[in-house]
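All figures in this text were calculated on a predicted structure; none of them were measured in a lab. Every chain is numbered from 1, with letters handed out A, B, ... down the list of sequences.
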Protein chains: 2
Amino acid sequence: MTTRWLTPEEQRAWRAYIAASLLLEDAIDRQLQQDAGMPHLYYSILSVLSESPERRLRMTDLAERLKITRSRLTYAVTRLEKDGMVRREACRHDKRGSIAALTDDGFAVLDRAAPGHVETVRSFLFDRLSKEQVGQLEEISTAIAQGLQEDGTRPASDDVPWRRRSSTACS
Amino acid sequence: MTTRWLTPEEQRAWRAYIAASLLLEDAIDRQLQQDAGMPHLYYSILSVLSESPERRLRMTDLAERLKITRSRLTYAVTRLEKDGMVRREACRHDKRGSIAALTDDGFAVLDRAAPGHVETVRSFLFDRLSKEQVGQLEEISTAIAQGLQEDGTRPASDDVPWRRRSSTACS
DNA sequence: TAGGTTTGTTTCAAACTTGAACCAAGCCTT
DNA sequence: AAGGCTTGGTTCAAGTTTGAAACAAACCTA
């Protein structure tokens, strides 16, 4: 079967997307490294934990939410634990399980860093987009993410499904 | 000044975007690692070189095109050179300069890998989007990238204009 | 209920990235 | 034409990511 090459429009979109995502992640990483001493992913871990029931989550659930591998998460949490932002706890119901819990220190750091982070996201992303574009971005992103999660996904965990709670920090 | 927190719409868009970009880069990296033995960035280096005059480009120009640091590029090119995909050449006009040139082997690898790569991009991205959405994605991405490049607040420095003069691949 | 499979997590080595420090060559200015 | 700044590129150490392998606990199923 012959390759369906990208059309010029697709090629432009693809290149623009690659450039934008690289630059944006870079800018955000730099800002957070500067102001919170950690890269974006690590901040996101704190953020997700802060919004979870009792500010704690099982490793697998956390990895699933963040769309990263368990291995990567293990490394990150180990660092965050060393820094006192997170504490590991045993899981009563399942002795294999490990739970990551946000410490008060971790929460404080998150709290302090959140405004700067939001400001960065805003100034580099949302300030550049119209209201319609924000909607479009969500739809596009959702479509892509959905497609990518359809088949190879990990088994769904039994407890703690998606639950929204109010919080100041965005991941 | 009080923080301008993200609206619910913005928060949804931001989270969807983060998830999508992580998953997409991941999928593409995995496919290319599998089929071409290199991550996406490395493939992109070959790709950019292949489209450049005489299939060669100065390191700085290459880094600029790819939106990555010189340091990162140096490492990548060193690996690619070790693998015989790229050759470093001296620059006549500027003895500081170093030129990365795509080898025939490198071109061959690119050629073999391209169809699979395009198919992956297509199936995970463009097959999920309408024609309008492709256009929207380009506009959104361009807006973001532009903002990030024009903004002087980025590379650790003070005065260097982000836009660099490009030197034609000399020689 | 023993044995095999699956699931949750960590470990390990190799690969990659980061940012600052460095070096050499070009570009002033005087 | 010397001193001093800037630019192009690499190097180095520390940090991060990857993927496969290792482990242990839970879950079958005969």
Side-chain angles (χ1 to χ4, degrees), chain A residues 22 25-34 37-45 57-64 66-83 88-100 152-159, chain B residues 22 25-34 37-45 57-64 66-83 88-100 154-161 164-167 169-170:
Chain A
L22 262 173
E25 247 316 83
D26 235 47
I28 288 175
D29 266 336
R30 192 158 16 254
Q31 184 268 322
L32 281 171
Q33 192 70 57
Q34 186 84 342
M38 63 184 77
H40 187 198
L41 174 65
Y42 292 58
Y43 176 91
S44 297
I45 291 174
L57 222 44
R58 284 189 64 159
M59 293 295 279
T60 294
D61 296 329
L62 195 43
E64 162 64 16
L66 293 164
K67 313 306 181 204
I68 62 174
T69 62
R70 273 94 134 246
S71 167
R72 189 177 178 185
L73 180 61
T74 292
Y75 179 89
V77 165
T78 301
R79 196 262 233 196
L80 289 171
E81 193 174 25
K82 218 161 275 170
D83 293 349
R88 269 188 174 90
E89 296 174 356
C91 178
R92 287 197 201 86
H93 307 313
D94 185 342
K95 277 168 187 161
R96 291 168 302 182
S98 177
I99 292 180
T153 38
R154 303 167 223 297
S157 47
D158 30 9
D159 57 344
Chain B
L22 262 174
E25 248 315 83
D26 237 47
I28 288 175
D29 265 336
R30 199 163 11 257
Q31 184 268 320
L32 280 172
Q33 193 69 57
Q34 187 83 344
M38 63 184 77
H40 187 197
L41 173 65
Y42 292 57
Y43 177 92
S44 297
I45 291 174
L57 224 43
R58 284 189 65 157
M59 293 295 279
T60 295
D61 295 330
L62 195 44
E64 160 64 15
L66 294 164
K67 313 305 181 204
I68 62 174
T69 63
R70 273 94 129 259
S71 166
R72 190 177 178 185
L73 180 61
T74 292
Y75 179 89
V77 165
T78 301
R79 197 264 232 194
L80 289 172
E81 193 173 27
K82 217 160 277 171
D83 293 349
R88 270 187 174 91
E89 295 175 355
C91 178
R92 286 201 198 86
H93 307 314
D94 185 343
K95 276 169 189 162
R96 293 167 302 182
S98 177
I99 291 179
R154 287 253 322 171
S157 65
D158 4 59
D159 50 348
V160 180
R164 286 181 197 154
R165 43 221 154 270
S166 90
S167 52
C170 63

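Set against dA26(D), dC16(C), dT9(C), the side chain of Pro39(B) has dC16(C) as its closest nucleotide. Ranking dC16(C), dG9(D), dT10(C) by closeness to the Arg79(B) side chain, first place goes to dC16(C). For Tyr42(B), the listed nucleotide lying nearest its side chain is dC16(C); candidates were dG8(C), dC16(C), dT10(C).
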Side chain to side chain contact (heavy atoms under 4.5 Å, CB included) between Ile45(B) and Leu73(B), intermediate numbers included: CA-CA 9 Å; Ile45(B) 291 174; Leu73(B) 180 61; 3.7 Å; yes
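Contacts of Ser71(A) classified as side-chain contact (heavy atoms from CB on, under 4.5 Å), with partners at least two apart in sequence or in another chain: Thr69(A). Partners of Glu81(A) by salt bridge (Lys or Arg N to Asp or Glu O under 4.0 Å), not counting sequence neighbours, listed by chain and number: Arg88(A).
Taking only side-chain nitrogens and oxygens, Thr78(A) never comes nearer than 4.0 Å to OP1 or OP2 of dT10(C).
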So which protein N/O to nucleotides 18-24 of chain D N/O distances come out below 3.5 Å?
unit_1	atom_1	unit_2	atom_2	d
dG19(D)	O6	Ser71(A)	OG	2.7

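In this structure, NZ of Lys82(B) is placed 14 Å from P of dA14(C), rounded to the nearest angstrom. Atom-to-atom, CD of Glu25(A) to C1' of dT17(C) comes out at 13 Å; the value is rounded to the nearest Å. Atom pair Arg92(A):CZ and dA25(D):P shows a separation of 18 Å (rounding to whole Å applied). Computed from coordinates, the Glu89(B) CD to dG8(D) C1' distance equals 17 Å when rounded to whole Å. Going from atom CZ of Arg70(B) over to atom P of dA20(C) covers 13 Å, rounded to whole Å. In this structure, Asp61(B) places its CG atom 13 Å from C1' of dG9(D), rounding to the nearest Å. Rounded to whole angstrom, the span from the CG atom of Leu41(B) across to the C1' atom of dA15(C) amounts to 13 Å. Rounding to whole angstrom units, CZ of residue Arg58(B) and P of dG26(C) are separated by 10 Å.
Rounded to the nearest 0.5 angstrom, Leu22(B) CG and His40(A) NE2 are separated by 9.0 Å. Between the OG atom in Ser44(B) and the CD1 atom in Ile28(B) there is a gap of 9.0 Å [rounded to 0.5 Å].
Residue-level contact check: Thr74(A) touches the bases, meaning some heavy atom is under 4.0 Å from a base atom.
Between Arg58(A) and Asp94(A), at least one side-chain nitrogen of the basic residue sits less than 4.0 Å from a carboxylate oxygen of the acidic one, meeting the salt-bridge criterion.
Toward the 5′ end of DNA chain D lies the nearest nucleotide of Arg88(B), the other residue of the pair Met38(A) and Arg88(B) mapping further downstream.
Taking each heavy atom of Leu62(B) and Ala100(B) in turn, the nearest pair found is CD2-CB, 4.0 Å.
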